Enquirer: 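Structure below; questions to follow.
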Amino acid sequence: MKKSLISQLNQLKEIKPDSAWKESGQELLRSQIFTSKKKQIGIFNLSALWLRDFVKVSSQPAFALAAFVLILVTSVFFSQPLLSDAKPNDSLYIARIISEKTHLNMVFDRQERDNLSAKFATGHAKDITHILTDPNFNNQENREQVDKLNENFKKEIYSAKQSLASPEQAEELNTEEELIFSAETSKEQAGLEIQENDAVTIPEEDEEIMNEEIVIEEETASSSDLMEVDTVKMLEEAEKLFNDQKYIEAIDKLNEVDLILKVQGGPDEDLTE
Amino acid sequence: MTANLVKKFKEKNLASRVRKQDQEAFIEVYNLYVDDIYRFIYFKVGHKEEAQDVSSTVFLKAWNYINTNKLDANKSLKALLYKIARNSVVDYYRQADPSFSLDQAMGIKDESQDIEKEIDVKVEFDRISVLLKGLKEEYREIIVLRHLNELNWDEISQTLGKSRGNLRVLLHRALKALREAEEKNK
């Protein structure tokens with residue numbers, strides 16, 4: 001209603017004087033104001049006016065942009081520790097993903113970026129595995145969500161592998177991906193049934209082990225040793241363990257990958273998880 | 001956004017040059033604002049020819065003012081033109097009735113307009129134009145300044161000498177009155 005009123009008012013902008021009257025008015029004005037000596041603004045003064053007006057007009061949007069960038073940067077760095085605990089079935093998980101993506105976009109060194117991307121992907125895979133170890137969640141009732149998480153796990157592992165792979169490994173991965181996709185398609189076309197996983201029960205001792213803080217001492221894991229380890233292979237092993245529903249072992253494997261990535265990330269990285 | 005910034009910059013630069021009494025810059029100001037000033041006056045006086053006469057005097061008065069007074073850099077040139085236009089309208093009414101005051105000008109309704117009759121015959125204006133003319137002068141003024149001539153709150157505040165808060169309330173009431181008039185004439 002209000003909008004239609006405003007749009008009707010906008011039509012009234014068409015009310016304009018005749019162009020002939022405008023021209024004669026301009027001539028009349030010209031003849032009256034040019035009776036005095038014509039004022040000439042020097043080129044220096046004119047440039048100074050331009051510069052001053054440009055600064056005045058652009059200062060506001062420039063300030064707004066600077067404030068926006070500042071808020072973005074601070075929110076990325078301050079929100080990350082807060083959001084890092086969000087799990088894939090939390091409502092805050094999407095905020096965590098956005099925060100990580102923004103963080104990634106702010107890293108310009110390619111190697112560092114790949115490393116960080118792999119670290120995030122491994123973290124996601126680990127979180128998914130953690131959720132699937134919960135027998136209250138991983139059951140027939142939540143079958144749809146469980147299937148989705150299984151799918152997401154594969155995507156995360158693939159993304160981590162791609163970030164860490166050497167050029168030769170990347171080529172292999174691409175071929176593998178093609179094979180996976182074609183295999184899945186043929187399965188669907190053949191109308192094969194996918195075997196459903198049974199609910200997982202985890203022994204109490206294993207759960208305790210899983211929840212324990214893993215403290216790694218620097219003496220046992222020197223960075224030079226860890227650099228030589230093939231992280232892609234380790235991720236593949238973690239994937240295999242996951243597929244075999246050996247979730248605890250898969251988490252252990254992913255923790256190892258995470259540790260290696262932290263060491264590779266630089267000496268400042270905190271090795272205590 | 002960029003177009004808006006360029007427009008702002010152009011207006012600011014023209015105002016700076018006019019402050020230095022640059023005649024060519026003032027002719028550019030005329031070309032830039034004459035339509036808006038004419039429209040503003042037109043909705044006050046209600047007749048095309050009279051609106052043209054009053055509009056012609058506004059720019060000359062503005063030039064004389066700039067020549068004899070130092071313009072404040074924080075004051076908008078556009079607001080100055082509207083202020084002069086407003087006073088020129090009061091002068092126009094005073095010519096017809098010497099006892100006419102500014103306060104009277106605020107409460108004026110265009111009595112010559114028989115709204116229903118005008119809508120039926122559809123002469124010069126469309127429906128909304130006629131409804132607008134039936135509003136109280138201060139309501140009509142704020143609607144024209146804000147929605148037709150797209151002045152910002154600072155410029156309107158400088159033109160009408162009212163605070164932003166008062167102006168917002170006034171515009172709200174004006175639009176409400178216009179909506180009610182529209183309902184009534186459906």
Side-chain angles (χ1 to χ4, degrees), chain A residues 1-69 72, chain B residues 1-2 4-17 19-27 30-31 34-39 41-43 48-49 51-52 55-56 59-60 63-64 66-67 73 124-129 131-132 143-144 146-150 175-176 178-179 182-183:
Chain A
M1 171 77 182
K2 190 178 175 184
K3 209 174 174 184
S4 78
L5 193 68
I6 302 295
S7 63
Q8 281 181 69
L9 284 171
N10 281 338
Q11 288 171 8
L12 297 181
K13 286 179 188 166
E14 294 306 311
I15 294 175
K16 283 176 188 170
D18 304 336
S19 50
W21 172 81
K22 268 160 67 176
E23 269 177 39
S24 68
Q26 198 208 79
E27 283 309 309
L28 188 71
L29 186 68
R30 198 179 274 277
S31 67
Q32 283 167 329
I33 68 172
F34 278 96
T35 48
S36 53
K37 196 187 164 202
K38 192 179 176 185
K39 291 248 176 179
Q40 284 282 2
I41 301 177
I43 189 83
F44 178 76
N45 280 343
L46 203 62
S47 313
L49 281 181
W50 271 71
L51 190 68
R52 198 189 63 191
D53 294 334
F54 179 76
V55 170
K56 269 187 187 170
V57 171
S58 60
S59 60
Q60 240 179 336
F63 181 75
L65 185 70
F68 174 74
V69 170
L72 188 76
Chain B
M1 190 188 164
T2 320
N4 203 20
L5 274 182
V6 171
K7 192 182 165 205
K8 251 187 171 178
F9 171 70
K10 196 182 168 188
E11 286 180 353
K12 198 123 201 152
N13 190 246
L14 268 181
S16 302
R17 285 168 60 200
R19 273 188 200 98
K20 300 255 173 201
Q21 299 177 356
D22 180 342
Q23 288 118 325
E24 281 301 337
F26 194 73
I27 296 296
Y30 172 86
N31 292 333
V34 68
D35 287 355
D36 290 347
I37 294 293
Y38 168 83
R39 194 181 303 118
I41 294 170
Y42 174 79
F43 278 104
K48 188 181 160 187
E49 285 76 20
Q52 286 180 350
S55 304
S56 311
F59 288 90
L60 191 62
W63 177 251
N64 290 335
I66 291 160
N67 268 321
E124 201 176 348
F125 311 106
D126 62 6
R127 207 168 63 95
I128 192 76
S129 168
L131 292 175
L132 195 59
I143 289 174
V144 172
R146 184 69 182 156
H147 288 292
L148 270 63
N149 290 1
E150 294 175 342
L175 288 174
K176 196 178 164 200
L178 185 63
R179 218 170 297 134
E182 195 191 21
E183 287 290 311

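Chain identifiers are assigned alphabetically (A, B, ...) following the order of the sequence lines, protein sequences preceding nucleic acid strands; residue numbering begins at 1 within each chain. In this text the structure is predicted, and so the values were computed from the model without any measurement.
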Enquirer: So which part of B:N31 gets closer than 4.5 Å to some heavy atom of chain A, the side chain, the backbone, both or neither?
Expert: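 For B:N31, side-chain heavy atoms alone lie under 4.5 Å from chain A.
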
Enquirer: Checking side chain to side chain contact (heavy atoms under 4.5 Å, CB included) for the pair B:I128/A:L5: CA distance, chi angles, key distance, verdict?
Expert: CA-CA 8 Å; B:I128 192 76; A:L5 193 68; 3.8 Å; yes

Enquirer: Go through the atoms of B:F59 and report whether side chain, backbone, both or neither lie under 4.5 Å from a heavy atom of chain A.
Expert: both

Enquirer: Pick one of side chain, backbone, both or neither for B:Y38, based on which atoms fall under 4.5 Å of a heavy atom in chain A.
Expert: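 Looking at B:Y38, just its side chain touches chain A.
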
Enquirer: Any chance you could lay out the side-chain hydrogen bond (donor to acceptor under 3.5 Å, both in side chains) test for B:N13 and B:K10, step after step, and finish with the verdict?
Expert: CA-CA 5 Å; B:N13 190 246; B:K10 196 182 168 188; over 6 Å; no

Enquirer: Do B:L175 and B:H147 have side-chain heavy atoms sitting under 4.5 Å apart?
Expert: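 With C-beta onward as the side chain, the pair touches.
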
Enquirer: If I measure from the heavy atoms of chain A, does B:E11 come under 4.5 Å with its side chain, its backbone, both, or neither?
Expert: neither

Enquirer: Identify, with sequence neighbours excluded, every residue that meets salt bridge (charged side-chain N to carboxylate O under 4.0 Å, His left out) alongside B:R39.
Expert: B:D36

Enquirer: May I ask you to name which of B:V144, B:L148, B:L132, B:N149 has the most heavy-atom pairs under 4.5 Å with chain A?
Expert: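 Result: the option with the highest number of such pairs is B:L148.
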
Enquirer: Quick one: salt bridge (charged side-chain N to carboxylate O under 4.0 Å, His left out) partners of A:R30, sequence neighbours excluded?
Expert: B:E24

